Student: 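Below is a structure I'd like to ask you about.
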Amino acid sequence: MTEMEKTYAPQAIEEALYKEWEESEAFGCGIDMAKKPFTIVIPPPNITGQLHMGHAMDNTMQDILIRFHRMRSGAALWVPGTDHASIATEVKIIERMAEEGLTKEQIGREAFLERAWAWKEEYGGQIVRQLRRLGSSCDWSRERFTMDEGCSEAVLEVFIRLYQKGLIYRGDRIINWCPVCKTALSDAEVEYEEQATQLWHIRYSGPHGDVVVATTRPETMLGDTGVAVHPKDPRYQALVGKTVILPLVGREIPVVADDYVDMEFGTGAVKMTPAHDPNDFEIAQRHGLTVLRVMDDAGVMNNEAGRFEGLTGKECRAQVVEELKATGALEKITDYTHNVGTCYRCHTTVEPLVSRQWFVKMKPLAEPAIAAVREGGTRFVPERFEKTYFNWMENIRDWCISRQLWWGHRIPAYYCDACGETTVAKTAPEKCPQCGGSVRQDEDVLDTWFSSALWPFSTLGWPSDTADLRYFYPTSVLVTGYDIIFFWVARMIFSGIEQMGEPPFHTVLIHGLVRDAQGRKMSKSLGNGVDPLEIIDLYGADALRFSLTAGISPGNDMRFSTEKVEAARNFANKIWNAARFAQMNLEGFEPLPDPADLALADRWILTRYQDATREITAHLEGYDLGLAAQKVYDFAWSEFCDWYIELAKPRLSGEDKAAKGNARAVLLHVLTGLLKLLHPVMPFLTDAVYRHLPGTEGTIMLAKWPEPDPVYDFPNHAARMDGVLDAIRAVRNLRAEMKVPVGRRAQLMVLPQSGWAETLADAAPLFQRLAWVSELTVLDATPDGGQLVSAVCPAAELYIPLGDLVDVEKEMARLAKECEGLRKEIARAEGMLNNPGFTGKAPAHLVEAERAKLDANRTMLATLEARAGALVERA
RNA sequence: GGGGUCAUAGCUCAGCUGGUUAGAGCGCUACGUUGACAUCGUAGAGGUCGUAGGUUCAAGUCCUAUUGACCCCACCA
């Protein structure tokens, strides 16, 4: 045993300890068919990423579960990896190139990809190193990347399978176009923001009558190919089936009737721009309206816009409004606030437009995915997120998966220009299988979430039939924030079911966001983010982990504050010092003695320890990590440190060899056990301390998780000890109220309640040590004398002779106050017990407990009243 | 428009399927060098659990309504 420093210094031990863990392969998990593995796949962080508080919490939770199960069953696997993050990474690389004055078009696809891979090499390792600093016990030998060979193979395989089943198709559909990222986006990638704008009311005239339409985007009128009204709208009956003339353009466009139109809103007539509005597109499909695109991918008006060609959308709007005013077609302009879609990466307003893209047909995939959750094959914790999931899955639309980007999995579709044939294959066909012409590959890549969706099985070797895949799939739990249920969780579920035949995990553990101390979302733009690495430097990884876990409830957001981290750091120090104390008193390993030889205090702490073990285990099994951490904290600090260590001191420093040995053995046993219970949350501290303790071997990581042992469980004795502790507290309380300085010895006389005499007499050394008692006298009758202060507790009446220090009036006031409290409590209990409803219907043990409490309180009250009476007489 | 969360001590939050006199951390007050720990100890003050009903022997916990803060989804042009 090496000497322990006076305070815990995490900086001194974390790095070396982690290195040792990793090199010893303690993070690994072999295949052992006799054991059911507990498996988690990491939500792969982006290679562009820096570890932020969200990651820190997410990964701490995963690590807690993994470490818990590893200790418990010896078979736990946490698969790490990173995500290529197609769009996010590409944007960053383009930004970097812009600093050199380069664009990706200038350097070309191949050179661009070289840069991207170089980027990956440079930054991809960063976040993974940061995860190590947190203490994440991932099996790094299995680290994966969404674009590594195996994951890419999985992507191709899935694409081809879905294509062959008709679940992937290419078509001209309305998609969300980001004019800055210059790519299509899926619906999930659009975020809506409220914007104040205007509503332009424009009159479309025609031979059969006029109609006024309202729009938020007047420039899109150039692409109008119809007007829609509600079929039952009396105002427009005559116009349905006829045509009106599109102002500025002069095109004759039909008026159609469709239920979609809301008669109450605006004028009840809607201009139809099928190429630039998703609803219009759908109505156009129903009525056979032309789809006319007037804007190109960069948001510039194209040749279909006639004389407006070449203008940007904004310029075009101004121009169109100007001309409409001039021609008198503009009826009015009103203020209007509505939600506009923006790109989730760059927050540019997205342009809905018709484009030829690849889609996944969602209905057939969504159905079994809904059923899996509904039937309990996968369950969300907390359960309420199932509603979110169902709501999304049940209203899902086809998933646009092609992106006009270069960094990502290139779509394995090959087109023949000669005959128009499309070939979907893992490798490029040499020539068109139809006509023998030459083929070219689709230029686009897949949505980055397409590969993430396969993560739980692609990382285990799929599509190969590997031993890992057979053993570890389906995984156990997925841990993530509620913000990516749609992006990722839902897609993993349907992909797992479709490809593997069963959902990828049985539980989805959802956590909230980490907010700043004021409750605001941490963000780069606000600059209110707290860097977890700085916190680790200052307070240690364990303190950070604990502060992100303790007292947190699943699915709820939390506020991060350094005060919380400080409290956690203090806790780490407390444990450290408890161990230091133990180390100073131990003399090597001593096993628990025969239960019959144990002192009352030993029985008490062993029982409490078992209670804690049961409770913490249950909380971890139920994913209540916050409660588990809280419970270890309370047990360690309030029971073990505050009480047991103090209770053990008289024996540890005493002369009785046997008693000393017993106290040592119990101290060591409970301390070692509590370190194990704490290890999942505070891995560094617990392992460092563990190695200082006698009788331990290797790392605590691989130690066996504590299990309750009936031989050392003494609930009745624990209750006796609680009686003694109550009495000690009562004495301390008395002294504090009488302003007797701590440390100044005073005599104590106790008049035991029936059955307590021996216990109290035996506890004399404890009173001496913990309540600064000079001498304890056990009485057999109420003492006489006014210069006493008294208290009463379930075990005994307590008297302290304080001589002249006793202020009789004050003492009487104090007694009166205590009596008052007791009377209230007695009245409450009597009320309950006199209620036949309670005695008749409540569980018997509760009624019994209530009755016992009432009796005890009555006895105490009688004592106090007698005492008060005696004082009155004397006065 | 639909769905959800939160409201408990001065502050930040726990409180599982309803059952002791509702808890913790921080802060506050008083006292304190008992050789593990001042990153500490002892004692204390502080809450009619947002409001109004209801169910029940029993409600912070379940139901309904309501007020306030917030989030997600939908996207009526």
Side-chain angles (χ1 to χ4, degrees), chain A residues 4 6-8 192 199 213-217 220 228 260-262 264-273 277-280 336 338-341 384-385 387-388 390-392 395 482-483 485-486 512-513 517 519 539 543 547 550-553 555-559 561 563-564 566-585 618-619 622 624 626-627 630 633-634 638 641-642 645-646 649 729 732-737 739-743 769-772 821-822 824-825 828-829 832 835-843 845-847 849-850 853 857:
Chain A
M4 292 174 76
K6 193 168 174 182
T7 50
Y8 173 55
Y192 288 87
L199 208 47
V213 298
T215 181
T216 51
R217 294 187 301 157
T220 63
Y260 165 80
V261 180
D262 179 359
E264 309 296 317
F265 187 85
T267 60
V270 191
K271 63 192 269 305
M272 290 290 109
T273 321
D277 183 281
N279 296 310
D280 295 4
Y336 188 61
H338 74 150
N339 287 332
V340 298
R384 68 181 127 95
F385 290 102
K387 283 191 183 175
T388 314
F390 288 138
N391 183 51
W392 192 72
N395 298 297
Y482 57 70
D483 50 335
I485 293 176
F486 304 137
L513 271 33
Y539 300 96
S547 68
I552 303 304
S553 57
N556 287 355
D557 292 354
M558 69 156 299
R559 294 189 197 208
S561 68
E563 285 81 5
K564 244 180 250 178
E566 274 173 28
R569 185 267 323 264
N570 294 351
F571 176 55
N573 190 243
K574 186 77 180 175
I575 297 293
W576 179 262
N577 273 289
R580 201 160 74 94
F581 170 79
Q583 194 202 34
M584 289 163 60
N585 285 278
H619 284 321
D624 279 319
L627 293 178
Q630 194 68 54
Y633 181 95
D634 289 341
S638 310
C641 291
D642 285 353
I645 287 183
E646 298 306 323
K649 277 177 181 172
R729 276 192 207 98
R732 285 171 170 179
N733 189 335
L734 252 190
R735 294 173 50 108
E737 279 190 61
K739 304 258 184 260
V740 182
V742 168
R769 175 111 200 173
L770 277 72
W772 311 282
L822 280 172
K824 258 191 183 162
E825 176 53 22
R828 189 197 60 81
M832 274 179 94
N835 179 347
F838 175 68
T839 47
K841 293 187 182 178
H845 71 276
L846 289 174
V847 178
E850 206 56 50
K853 220 163 37 182
N857 282 329

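All of these numbers come straight from a predicted model, not from anything done at the bench. Residue numbers start from 1 in every chain, and the chains themselves are labelled A, B, ... in the order their sequence lines are given, proteins ahead of strands.
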Student: Compare side-chain N and O positions of A:Arg569 against OP1 and OP2 of B:rU39 and report whether any pair is under 4.0 Å apart.
Tutor: no
Student: Please report, rounded to the nearest Å, how far the C1' atom of B:rU39 is from the OH atom of A:Tyr539.
Tutor: 11 Å
Student: Could you check whether A:Asn835 gets within reach of a base, just the sugar-phosphate, or nothing at all, counting any heavy atom under 4.0 Å?
Tutor: sugar-phosphate
Student: Only pairs with both distances under 3.5 Å count, Watson-Crick or wobble alike; so what is the partner of B:rU34 in this structure?
Tutor: none
Student: Of the options B:rA43, B:rU5, B:rG41, whose atoms approach the side-chain atoms of A:Arg384 most closely?
Tutor: B:rU5
Student: Roughly how many Å apart are B:rU61 and B:rU5, using the P atom of each and rounding to a whole number?
Tutor: 15 Å
Student: Where the side chain of A:Phe838 is concerned, which of B:rU39, B:rG41, B:rG19 is the nearest nucleotide?
Tutor: B:rG19
Student: Nearest of B:rC75, B:rG25, B:rU34 to any side-chain atom of A:Ala567?
Tutor: B:rG25
Student: Quick one: A:Asn391 CG to B:rC75 C1', roughly how many Å, whole number?
Tutor: 14 Å
Student: My understanding is that a pair needs two contacts under 3.5 Å, Watson-Crick or G-U wobble. By that rule, which nucleotide pairs with B:rG18?
Tutor: none
Student: Identify the pairs formed between an N or O of the protein and an N or O of nucleotides 8-15 of chain B at a distance under 3.5 Å, and give each distance.
Tutor:
from: B:rU12; atom 1: O3'; to: A:Arg559; atom 2: NE; distance (Å): 3.2
from: B:rC13; atom 1: OP1; to: A:Arg559; atom 2: NE; distance (Å): 2.7
from: B:rC13; atom 1: O2'; to: A:Gly551; atom 2: O; distance (Å): 3.3
from: B:rA14; atom 1: OP1; to: A:Ser553; atom 2: OG; distance (Å): 3.1
from: B:rA14; atom 1: O5'; to: A:Gly551; atom 2: O; distance (Å): 3.4

Student: Given B:rA77, B:rC40, B:rU42, identify the nucleotide with an atom nearest to the side chain of A:Asn570.
Tutor: B:rC40
Student: For the base of B:rC75, is there a side-chain donor-acceptor partner from A:Asn339 under 3.5 Å away?
Tutor: yes
Student: Can you identify which nucleotide, out of B:rA77, B:rA36, B:rA30, has its nearest atom closest to the A:Tyr260 side chain?
Tutor: B:rA77
Student: Does A:Asn585 or A:Met832 map to a spot on RNA chain B nearer the 5' end, using the closest nucleotide for each?
Tutor: A:Met832
Student: Suppose we define a pair by two distances each less than 3.5 Å, Watson-Crick or G-U wobble; what does B:rU5 pair with here?
Tutor: B:rA69
Student: Taking atom P in both B:rU66 and B:rC73, compute the distance separating them and give it to the nearest angstrom.
Tutor: 26 Å
Student: Tell me the interatomic distance from A:Met584, atom CE, to B:rC37, atom C1', rounded to whole angstroms.
Tutor: 11 Å
Student: Heavy atoms from C-beta onward define the side chain here; which of B:rA77, B:rA36, B:rG19 lies closest to that of A:Pro843?
Tutor: B:rG19
Student: The side chain of A:Lys387 lies closest to which of these nucleotides: B:rC37, B:rC26, B:rG3?
Tutor: B:rG3
Student: Rounding to a whole Å, what distance do you find between A:Leu513:CG and B:rC70:P?
Tutor: 16 Å
Student: Tell me if a side-chain donor or acceptor on A:Asn395 pairs with a main-chain N or O of A:Asn391 at a distance below 3.5 Å.
Tutor: yes
Student: Does any N or O in the side chain of A:Asp277 come within less than 3.5 Å of the main-chain N or O of A:Thr273, such that one atom is a donor and the other an acceptor?
Tutor: no
Student: Determine whether any donor atom in the side chain of A:Lys6 lies under 3.5 Å from an acceptor atom in the base of B:rA38, or the reverse, and answer yes or no.
Tutor: no
Student: Which whole number of Å gives the distance between the C1' atom of B:rA22 and that of B:rA36?
Tutor: 33 Å
Student: Measure from CZ on A:Phe581 to C1' on B:rU34 and round the result to the nearest Å.
Tutor: 12 Å
Student: Can you name the nearest heavy-atom pair linking A:Pro741 to A:Arg735, along with the distance?
Tutor: O-NH2, 3.0 Å
Student: How are the rings of A:Phe486 and A:Trp392 set relative to one another: parallel (under 30°), tilted (30 to 60°) or perpendicular (over 60°)?
Tutor: parallel
Student: Is there a donor-acceptor pair closer than 3.5 Å between any side-chain N or O of A:Arg732 and the backbone N or O of A:Leu770?
Tutor: yes
Student: Rounded to whole angstrom, note down the C1' distance from B:rU29 over to B:rA45.
Tutor: 7 Å
Student: Taking only the C1' atom of each, what is the distance from B:rG27 to B:rC70 in whole angstrom?
Tutor: 27 Å
Student: Want to settle it: does A:Arg729 or A:Gly266 sit nearer the 5' end of RNA chain B, counting the closest nucleotide to each?
Tutor: A:Arg729
Student: Taking atom C1' of B:rC73 as reference, at what distance in whole Å does atom CH2 of A:Trp392 sit?
Tutor: 11 Å
Student: What's the closest nucleotide to the A:Phe486 side chain, out of B:rC73, B:rG19, B:rA36?
Tutor: B:rC73
Student: Using atom OH of A:Tyr192 as one end and atom P of B:rA74 as the other, report the distance to the nearest whole Å.
Tutor: 6 Å
Student: Taking any strand in view, what nucleotide pairs with B:rU64 in a Watson-Crick or G-U wobble way, both distances under 3.5 Å?
Tutor: B:rA52
Student: Without swapping roles, check the side chain of A:Asn577 against the backbone of A:Lys6 for a donor-acceptor pair under 3.5 Å.
Tutor: yes
Student: Determine whether A:His619 and A:Gln630 make a side-chain contact, defined as any pair of heavy atoms from C-beta on separated by less than 4.5 Å.
Tutor: no
Student: Take the protein atom NZ of A:Lys574 and the nucleotide atom P of B:rA24, then report the distance between them rounded to whole Å.
Tutor: 16 Å
Student: Tell me what A:Glu646 touches on the nucleic acid: a base, only sugar-phosphate, or nothing, going by heavy atoms under 4.0 Å.
Tutor: base
Student: Ignoring hydrogens and angles, are the base of B:rA58 and the side chain of A:Glu850 linked by a donor-acceptor pair under 3.5 Å?
Tutor: no
Student: Is the shortest side-chain N/O distance from A:His338 to OP1 or OP2 of B:rA77 below 4.0 Å?
Tutor: yes
Student: Is NZ or CZ of A:Lys649 both nearer than 6.0 Å to the six-membered ring centre of A:Phe581 and within 45° of the ring axis?
Tutor: yes
Student: Could you please name the option among B:rU42, B:rC37, B:rA43 that lies closest to any side-chain atom of A:Ala736?
Tutor: B:rA43
Student: May I ask which nucleotide in the shown strands pairs with B:rG44, Watson-Crick or G-U wobble, both distances under 3.5 Å?
Tutor: B:rC28
Student: Using the P atom as the point on both nucleotides, what is the distance between B:rG3 and B:rU8, in whole Å?
Tutor: 25 Å
Student: Looking only at the side chain of A:Ile645 (C-beta and beyond, no hydrogens), which of the listed nucleotides B:rU20, B:rC76, B:rA36 gets closest?
Tutor: B:rA36
Student: Measuring from A:Tyr482:OH to A:Thr388:OG1, what's the distance to the nearest 0.5 Å?
Tutor: 10.5 Å
Student: Rounding to the closest angstrom, what is the interatomic distance between B:rG60 and B:rA7 at atom C1'?
Tutor: 12 Å
Student: Under 3.5 Å, side chain of A:Asp557 to main-chain N/O of A:Leu513, donor-acceptor pair present?
Tutor: yes
Student: Is it true that a side-chain atom of A:Asp624 and a backbone atom of A:Leu627 form a donor plus acceptor pair closer than 3.5 Å?
Tutor: no
Student: Could you tell me how far B:rA14 sits from B:rG53 if I compare only their C1' atoms? Round to whole Å.
Tutor: 28 Å
